[in-house]
Amino acid sequence: MTLPDGSGRTLRGAAWLVAALLLASCAKEEAPPGALPDSRPPQVTRTEPGDRAVVPDLGGDVKIEFDEPINAPSDLARQLVGSPAYRYRVSTGFSDIKIHPDGGWRKGAVYVLRVPAGIPDLLGNRTEEPIRLLFSTGPPVTDTRVSGRLLDRVTGRPARDARVLFERSGDTVPYTATADTGGTFSLPALPPGRYEAYGFLDLNADLELQRQLEAFDSASFDLQDSTATAELVLRLTEPDTTAPRLVRARPADSVTVQLEFDDHLDPSQDFAPTEVVVRDTATGTAWPVERVGITLPSARPPVADTTTVTTADTTAAAATDTTTAAAPGTTAAAADTTALPSQQVLVRLGRPLRPGTYRVRVDGFVNLRKLAGGGDTTFVYPPADTAGASSPGDGT
């Protein structure tokens, strides 16, 4: 509106100011004056499909609907944990979340989708628990469960954020689970069958195991019926294509020689005295070897193995690698991974060393990837840093 006295410019400015104030007041929802503040997080009112539903012809989006507007984070697709191991697109609406896999929903698969906790409403109230969707596009949804731990083979510490792939015999669906910060994982409703499990560090986030690049371990297990469970302990070992090599030897005292290798050795192997030869380089005399054993760092205690595989009818097939079958309610210890590996081996001699130079040769020592090697090197007794000190056990 323009007035003859030229004040129209002033009125238009005032109108713009009122509009700006109205927009600012709408930008942030606040409780009406005198009302109690809303501290309740958004609640899920409906999921589509419903929990444990079987939908053979699923074609659209999976939906999670809330009872109020939400303000979902922009990186929700990255935070979503989904099985099978496909890429999932996530979009958010006024009060809902929609999920769709790249390439569409595969027929004959069981889907487990997990939306993380922390979805906020417009006032910042956040959901406190993850939201899980469990449904199928073919097979019935069972009560099976596979769970366990992923550990670093060398340190024994949890392999946080590592991935497990489950491949069922005769099936191409790549079921998967991811470990939490404590290295534990769990996946429900796998269809019964014979499985190969592959635990690995998914360094390039491609959802696939790269054996030449990523630390991994594997195990086999059976889910024989719709209520079977399996518990696994997988110890992730770095890939290796070379055999272990002896790099140095040093006498610890007159009857003990410490050997060091360029690789971690398998602690389950039988270190036979015949695999080590210690010889005086001046006379050619071989020193008798009584015992050979790996040295375990005292600061890293062994991690107990609690691997079990159980079924409702109390039978289970023996599993390979780090998995052992056991009757329900029992604990089975793996034969070769309860002790942590080391790069050092102690050799106990049958008689004290005399001052001089010695050559030690080893053969048949196995690393964590089951490659056998050895080598030879020399050492001087007594070592230069202890030449003036007496040696324990030195009887000559």
Side-chain angles (χ1 to χ4, degrees), residues 152-157 212-213 215 235-303 335-396:
D152 184 288
R153 181 67 183 90
V154 172
T155 67
R157 298 188 182 96
Q212 303 303 316
L213 301 175
R235 291 174 169 82
L236 310 188
T237 305
E238 292 290 340
D240 196 349
T241 59
T242 60
R245 183 175 61 88
L246 176 64
V247 292
R248 64 180 56 89
R250 184 183 187 279
D253 55 49
S254 66
V255 293
T256 309
V257 180
Q258 185 180 68
L259 309 181
E260 185 174 343
F261 292 79
D262 66 348
D263 208 348
H264 286 86
L265 302 178
D266 181 359
S268 70
Q269 65 189 290
D270 181 15
F271 292 93
T274 56
E275 295 174 338
V276 179
V277 177
V278 178
R279 193 178 298 276
D280 187 328
T281 58
T283 64
T285 303
W287 249 243
V289 175
E290 285 188 348
R291 294 192 306 274
V292 181
I294 197 167
T295 61
L296 297 177
S298 58
R300 300 181 300 163
V303 178
D336 62 347
T337 55
T338 54
L340 296 176
S342 175
Q343 293 177 258
Q344 297 178 343
V345 170
L346 290 182
V347 176
R348 182 74 172 181
L349 301 176
R351 70 172 187 266
L353 295 166
R354 297 173 180 173
T357 301
Y358 294 82
R359 179 169 294 277
V360 56
R361 179 172 182 81
V362 301
D363 189 31
F365 281 28
V366 179
N367 66 8
L368 297 178
R369 284 294 172 202
K370 309 300 183 184
L371 300 173
D376 66 290
T377 188
T378 60
F379 66 89
V380 175
Y381 178 80
D385 56 352
T386 60
S390 60
S391 300
D394 194 344
T396 61

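Between G364 and E275, the closest heavy-atom pair is O-OE2, 4.0 Å. Residues Y358 and R354 come closest through the heavy atom pair OH-O, 2.7 Å. Q344 approaches Q258 most closely through the heavy-atom pair OE1-NE2, 3.4 Å. Minimum heavy-atom separation, P383 to R250: CG-NH2, 4.2 Å. For W287 against P352, the heavy-atom pair with the smallest separation is NE1-O, 3.0 Å. In terms of heavy-atom proximity, V380 sits nearest to P251 at O-CG, 3.6 Å.
For the pair V289 and L349, the minimum side-chain heavy-atom distance is below 4.5 Å. In this structure, the side chains of F379 and V278 come closer than 4.5 Å at one or more pairs of heavy atoms. V255 places a side-chain heavy atom less than 4.5 Å from the side chain of R348. Between F261 and N367, the closest side-chain pair of non-hydrogen atoms is not below 4.5 Å. Contact check for L368 versus D240: no side-chain heavy atoms found under the 4.5 Å cut-off.
Within 6.0 Å of CZ in R351 there are more than 12 heavy atoms belonging to other residues, nucleotides or ligands.
Annotation: the span from I294 atom CD1 to Q343 atom CD amounts to 9.5 Å, rounded to 0.5 Å. Once rounded to the nearest 0.5 Å, the distance linking OG1 of T256 with CZ of R291 reads 8.5 Å. Taken from CZ in R369 to OG1 in T241, the straight-line distance is 11.5 Å, to the nearest 0.5 Å. Atom CG of residue D263 and atom CZ of residue F365 lie 13.5 Å apart, to the nearest 0.5 angstrom. Here the CZ-CG distance, from R248 to L259, works out to 11.5 Å after rounding to the nearest 0.5 Å.
Shown are T281, T377, D376, D280; of these, the side-chain hydrogen bond (donor to acceptor under 3.5 Å, both in side chains) with R359 is made only by D376. When each of V360, V345, D363 is checked for a side chain to side chain contact (heavy atoms under 4.5 Å, CB included) with V276, only V360 meets the rule.
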